[in-house]
Amino acid sequence: MSDTKELLEQAISVLKRNDRGLYTIPAEGLYPHQWLWDSCFIAIGLRYLDVERAKIEILSLLRAQWSNGMIPHIIFTPGIKQYRSHHGIWQSWVSPFAPDNISTSGITQPPLIAEAAVRIGEKLELVERRSWYRQVFPSLLAYHQWLYRERDPHHEGLALLIHPWETGLDNTPPWMGELQGHLMPWWIRVLQKTRLEAVLSLTRRDTRYVSARQRPSNIEAMALYDTQRRLRRKAYDIDRILDHSLFAIEDLVFNSVLVRANEQLQHMATTLREAIPDDLLDSMSRTLKSLEELWDPYTETYCSRDFVTHRLLKESSIATLMPLYAGTISEKHAKLLVQSLENEHIFGPAYPVPSVPLNSPWFDAQRYWQGPTWFNTNWLIVDGLLRYGFKDHADALVESSLELAQRTGFHEYYNPVTGDPLGAANFSWTAATTIDWLKR
């Protein structure tokens with residue numbers, strides 16, 4: 001690929017454009033707040049440019065940590081036009097654990113913070129690294145303790161999620177299949193049958209910035225909002241939520257990230273000569289074993305699982321590749337996953353790994369998390385491929401990703417068949433992962 005220096009400068013420009021001092025927004029207009037795993041990917045890129053600014057990105061996430069240990073997936077920005085409506089939708093103050101002076105969402109996102117913190121630490125000398133880890137370790141320890149205390153109530157080793165937004169892959173098929181097949185509220189089904197859901201287009205904010213063709217459908221948007229409204233009604237209390245919930249899933253992406261996050265948390269503890277509580281170590285150990293329970297021998301893929309019934313959710317998505325990032329699966333299973341990357345009819349189209357395999361009935365090359373290529377998930381896959389020794393595959397994904405960015409700019413996502421840019425322009429984690437690949 002030619003002219004990588006210019007591409008690097010363009011990526012840096014995107015991060016500067018979206019920098020808001022304490023944090024970096026994903027993109028102007030559509031995403032005016034701070035998001036959890038966006039900031040983690042952003043910090044991983046920022047560490048090459050300004051390690052102190054990268055630290056601030058992570059510390060800004062931790063300032064909104066709830067008193068029970070949860071780190072919310074959105075921290076709202078006061079004083080902007082959209083603040084009142086977003087703040088009002090979530091009403092985080094209904095929970096006694098929410099911070100008093102910061103408005104947030106009431107759910108979390110994949111726990112990538114320990115990974116980002118360690119990556120920042122790699123740019124520091126040992127004394128400075130220990131100082132940095134001391135700043136963040138107590139908060140991260142509390143977060144991981146919360147994950148197992150509240151999201152692993154049966155001590156199975158897998159964290160359960162209570163909303164599709166917690167996956168980071170908002171309208172991903174395994175979740176939307178469950179929602180549409182079994183849990184769709186009656187009033188949404190009525191609107192769907194009468195086709196009155198089209199009226200929702202008049203009130204949707206996201207489609208003012210991005211074509212409706214590239215966003216979740218109206219039905220999906222209503223279902224996602226209705227699920228969030230139920231959580232708010234129960235004050236984000238996990239006991240009340242699970243008491244009558246039919247929608248709790250042990251998500252494959254989240255738990256794959258959790259495996260790696262646990263490893264990075266242990267690395268930080270070793271560096272600081274700190275002890276991780278025995279009960280948390282036991283939970284971490286169970287996660288390593290339990291991840292293998294998500295392997296389906298019939299399809300030879302990993303799946304998410306229904307929390308209550310333990311039924312595997314076999315609607316395929318990019319999630320099935322995420323155990324590569326976890327780095328703890330067998331060589332045999334890793335090779336089978338890599339074979340799907342090599343197959344042009346599954347995960348091997350002209351451009352980097354799509355969010356849904358091409359042979360899935362859900363595949364839609366333009367529809368948000370139901371087909372397009374995203375740089376952040378490809379970053380996770382590349383990291384896993386490298387740790388399993390599949391360097392040629394990793395290099396090929398990086399090269400084709402960088403060619404996309406060079407040809408069309410730093411967009412939110414891309415058509416995996418044509419390479420056309422989709423979603424918001426000047427997207428921060430696309431720029432940040434590009435920086436990381438170019439610098440490494």
Side-chain angles (χ1 to χ4, degrees), residues 1 4 7-8 11 37-38 40-48 110-112 114-116 118-120 122-123 168-169 252-261 263-264 301-302 317-329 331 333-344 346-357 369 372-408 410-414 416 419 427-440:
M1 191 188 67
T4 56
L7 184 64
L8 178 62
W37 79 327
D38 289 75
C40 293
F41 287 110
I42 290 164
I44 288 169
L46 276 174
R47 68 192 170 123
Y48 297 100
L112 199 67
E115 177 77 89
V118 169
R119 298 280 178 149
I120 291 170
E122 292 173 354
K123 308 300 291 184
L169 285 62
L252 183 55
V253 173
F254 195 99
N255 281 285
S256 295
V257 173
L258 179 59
V259 168
R260 177 70 171 159
E263 182 181 323
Q264 298 294 47
T301 57
Y302 286 92
S317 77
I318 198 171
T320 194
L321 299 172
M322 289 304 146
L324 287 169
Y325 172 72
T328 58
I329 62 175
E331 292 287 342
H333 287 176
K335 288 178 181 177
L336 288 169
L337 296 182
V338 170
Q339 286 176 13
S340 69
L341 284 174
E342 297 169 340
N343 191 322
E344 63 181 10
I346 304 177
F347 283 116
Y351 295 95
V353 188
S355 46
V356 170
W369 284 103
T373 289
W374 294 72
F375 272 40
N376 69 319
T377 46
N378 274 273
W379 187 93
L380 296 171
I381 292 169
V382 166
D383 186 79
L385 288 170
L386 288 172
R387 284 188 282 121
Y388 273 100
F390 295 101
K391 186 177 183 301
D392 290 345
H393 293 79
D395 289 347
L397 287 183
V398 170
E399 183 178 354
S400 56
S401 297
L402 295 180
E403 286 176 358
L404 259 184
Q406 189 172 55
R407 182 164 69 85
T408 65
F410 302 95
H411 285 264
E412 187 176 3
Y413 42 99
Y414 303 83
F427 203 74
S428 290
W429 77 27
T430 307
T433 50
T434 295
I435 292 169
D436 184 66
W437 283 330
L438 288 173
K439 288 289 189 177
R440 281 206 281 168

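Distance check, rounded to the nearest 0.5 Å: CG of Leu321 to CG of Leu252 gives 9.0 Å. The CG atom of Leu385 sits 6.0 Å away from the CG atom of Leu341 when rounded to the nearest 0.5 Å.
Between Phe347 and Thr320 there is a side-chain heavy-atom pair separated by less than 4.5 Å. Side-chain contact check for Met322 versus Tyr302: every heavy-atom pair is 4.5 Å or farther apart. Using a 4.5 Å heavy-atom cutoff, the side chains of Leu112 and Leu380 are in contact.
Applying the side chain to side chain donor-acceptor pair (under 3.5 Å) rule to Ser428 yields the partners Asn18; only residues at least two apart in sequence or on another chain are considered. Shown here are the side chain to side chain donor-acceptor pair (under 3.5 Å) partners of Glu342, two or more places apart in sequence or in another chain: His393. Take Arg407 and apply the salt bridge (Lys or Arg N to Asp or Glu O under 4.0 Å) test, not counting sequence neighbours, and it matches no residue. In terms of the side-chain contact (heavy atoms from CB on, under 4.5 Å) criterion, residue partners of Ser400 (sequence neighbours excluded) are, by chain and number, Pro352. When the side chain to side chain donor-acceptor pair (under 3.5 Å) test is applied to Glu344, no partner is found at least two apart in sequence or on another chain. Thr434 meets the side chain to side chain donor-acceptor pair (under 3.5 Å) test with no other residue; sequence neighbours excluded.
Put simply, the side chain of Arg387 gets close to the backbone of Tyr325: a donor and an acceptor are under 3.5 Å apart.
You'll find the ring centres of Tyr414 and Phe375 inside the 6.0 Å limit.
Ion pairing of Glu331 with Lys335 is absent here, as no side-chain N (NZ or NE/NH1/NH2) approaches a carboxylate O to less than 4.0 Å.
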Residue pair Leu337, Ile329: steps toward the side-chain contact (heavy atoms from CB on, under 4.5 Å) verdict: CA-CA 11 Å; Leu337 296 182; Ile329 62 175; 3.8 Å; yes
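A perpendicular orientation is assigned to the rings of Phe41 and Trp379, their planes being inclined by more than 60° (bins at 30° and 60°).
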